[in-house]
Peer 1: 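Can you keep this structure in mind? I'll have questions shortly.
Side chains included, hydrogens not; waters and symmetry mates left out as well; all remaining heavy atoms used. Residue numbers count from 1 along this sequence.
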Amino acid sequence: MATLLRSKLSNVATSVSNKSQAKVSGMFARMGFQAATDEEAVGFAHCDDLDFEHRQGLQMDILKSEGEPCGDEGAEPPVEGDIHYQRGGGAPLPPSGSKDQAMGAGGEFGGQDKPKITAWEAGWNVTNAIQGMFVLGLPYAILHGGYLGLFLIIFAAVVCCYTGKILIACLYEENEDGEVVRVRDSYVAIANACCAPRFPTLGGRVVNVAQIIELVMTCILYVVVSGNLMYNSFPGLPVSQKSWSIIATAVLLPCAFLKNLKAVSKFSLLCTLAHFVINILVIAYCLSRARDWAWEKVKFYIDVKKFPISIGIIVFSYTSQIFLPSLEGNMQQPSEFHCMMNWTHIAACVLKGLFALVAYLTWADETKEVITDNLPGSIRAVVNIFLVAKALLSYPLPFFAAVEVLEKSLFQEGSRAFFPACYGGDGRLKSWGLTLRCALVVFTLLMAIYVPHFALLMGLTGSLTGAGLCFLLPSLFHLRLLWRKLLWHQVFFDVAIFVIGGICSVSGFVHSLEGLIEAYRTNAED
């Protein structure tokens, strides 16, 4: 009896359900929709089950990314450069905290407790990077390039401004809602994303190697210019340029003990003031000799052998792409980044062009690798002392950055580290870690002693790593990550920059290397 009642109730429920489905189907048909079939309904239900399981799995991923125990103790550590995405929003999950913290772009998507900088402060940082003491080599570039060298100063500013913008564009992607969100935090993360999934760490390692080379070469240039300036400031003293370089390195040796940049940051204002005084003195002297300017010496033809070196010098003076992702991530209004890049590079282009042209017009064919060497003895000593002070105060920043990249790449990758950590459990630097830092300082000294040619080293570095980090890699990454969203003129610009940058890089590197070999042979004969 109970079975009979149960079957009748089931039949009644089925008939009611069929009638309701028929009414709903008729209503949707009148509205222009087609009712789902039984097979489709089963498929929809199956999709709902899969979606539920998928969401449950994502919740477990989020818990794992926040460091909560998930019972998977034997899992391998994530590959370097992996980005954990929040599927619902497309943005990467922060190391800890809420989704709002992930949208803030400080540090590694740092939280809101970190102070943000304004567009003016960001522009000041970019200006310091591209208006440094290496502008002293630009008149030497005009010597071998003439008006084409001036054009290259403008062209390099435009291209570096553009590649800086497209590099930042590679940090962002659209989520499922069509919102543009920041999914990467560094140059290395962009490079790893381009090489994923086959080689998830290759791109980052290439960028790290290029970054280390550029930073170490920058340190070498500071030692070279310090020895050169002191030797030319006091030619009467029985001290050679190599000896001055050794003295400068002895002053820089305490950099090996640096643990952070707090102490270094105190000298940044002094560097800026020194650079300002130097530019004012050089330009004032050049203007005082305006009647003797040799306009006829500025030529339209170029020295085929030495002009590629000038390209490297000009490109190296604009390198700032390495720290742009971090800088943009720490801005209060990241939307103002493009405007900031525009006015900083316009200002740099105008100031560099005027400085190079005025200095070259003053000394013409007698222009030296470091323009302050052309100043008369009384002014030269004062200006060079300011320059040496600026070089010594500027050395710790690229040195510390190079050490940090080396330690993170070789000593701080957990089970994948090549060597044990440089720091002990109490945070103190181990003796062998200190020895390696001192060895890096000595290496910069040895390079400065055996290759004491400022312009050639600057051209070599600009051609090798400057062109790669400023021209080649940003355009390549932009094409790789945003290919489907690019307009035809953007694709054309990226390809043109990559081709032109590749040609300039290869030719500049070859001719700079030839110049160094020739200079080394000349020194050996002497």
Peer 1: Could you tell me if the ring centre of W343 sits under 6.0 Å from that of W120?
Peer 2: yes
Peer 1: Hey, does Y222 have a side-chain heavy atom less than 4.5 Å from the side chain of L392?
Peer 2: no
Peer 1: Can you tell me if H345 uses its side chain to pair, donor with acceptor, with the backbone of M341 under 3.5 Å?
Peer 2: yes
Peer 1: Kindly indicate whether a cation-pi arrangement holds for K390 with Y395, taking the cut-offs as under 6.0 Å to the six-membered ring centre and within 45° of the axis.
Peer 2: no
Peer 1: For Y162, run the side chain to side chain contact (heavy atoms under 4.5 Å, CB included) check against V159, V158, I166 and tell me which one passes.
Peer 2: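 When side chain to side chain contact (heavy atoms under 4.5 Å, CB included) is applied between Y162 and each of V159, V158, I166, only I166 qualifies.
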Peer 1: Using a 3.5 Å distance criterion without hydrogens, assess whether the side chain of S507 forms a donor-acceptor pair with backbone atoms of C504.
Peer 2: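 Here the side-chain-to-backbone pair exists.
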Peer 1: Does the R380 side chain pair with the main chain of S233, one donor and one acceptor, at a distance under 3.5 Å?
Peer 2: no
Peer 1: Between R437 (side chain) and V403 (backbone), is there a donor-acceptor pair under 3.5 Å?
Peer 2: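 Looks like no, no N/O pair under 3.5 Å.
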Peer 1: If only atom types and distance count, is the side chain of S310 paired as donor or acceptor with the main-chain N or O of H144 below 3.5 Å?
Peer 2: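 Checking the backbone N and O of H144 against the side chain of S310, no donor-acceptor pair under 3.5 Å is found.
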Peer 1: Would you say K242 has more than 12 foreign heavy atoms packed within less than 6.0 Å of its NZ?
Peer 2: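 Open.
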Peer 1: Consider only side-chain N and O atoms of Y187 and N192, and report whether a donor and an acceptor are under 3.5 Å apart.
Peer 2: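 Short answer, no.
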Peer 1: Do the side chain of K352 and the main chain of I130 share a donor and acceptor less than 3.5 angstrom apart?
Peer 2: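 Yes: the side chain of K352 pairs with the backbone of I130.
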Peer 1: Could you report the tightest heavy-atom contact between P308 and S463, atom names first, then the distance?
Peer 2: O-OG, 4.3 Å
Peer 1: Taking atom types as modelled and ignoring hydrogens, do the side chains of E214 and T461 form a donor-acceptor contact shorter than 3.5 angstrom?
Peer 2: no
Peer 1: On the 0 to 90° scale, with breaks at 30° and 60°, tag the W293-W295 ring pair as parallel, tilted or perpendicular.
Peer 2: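 Because their plane-to-plane angle is over 60°, the rings of W293 and W295 count as perpendicular.
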Peer 1: So, do L152 and F307 sit near enough that their side-chain heavy atoms are less than 4.5 Å apart?
Peer 2: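 Answer yes - side chains close enough.
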Peer 1: Check whether S394 reaches the backbone of A391 with its side chain - one donor and one acceptor, N or O, closer than 3.5 Å.
Peer 2: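 Looks like no, no N/O pair under 3.5 Å.
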Peer 1: Can a donor-acceptor pair be found between the side chains of N228 and K368 at a distance below 3.5 Å?
Peer 2: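 No pair is found: no donor N or O on one side chain lies under 3.5 Å from an acceptor on the other.
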Peer 1: Ignoring hydrogens and geometry, is there a side-chain-to-backbone donor-acceptor pair from T127 to T344 under 3.5 Å?
Peer 2: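 No: the side chain of T127 does not pair with the backbone of T344.
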Peer 1: For the backbone of Q241 and the side chain of S245, can you confirm whether one donor and one acceptor N or O come within less than 3.5 Å of each other?
Peer 2: yes
Peer 1: With no hydrogens and no angle check, just 3.5 Å: does a side-chain donor-acceptor pair link W244 and S226?
Peer 2: no
Peer 1: E121 side chain to T118 main-chain N or O, any donor-acceptor pair under 3.5 Å?
Peer 2: yes
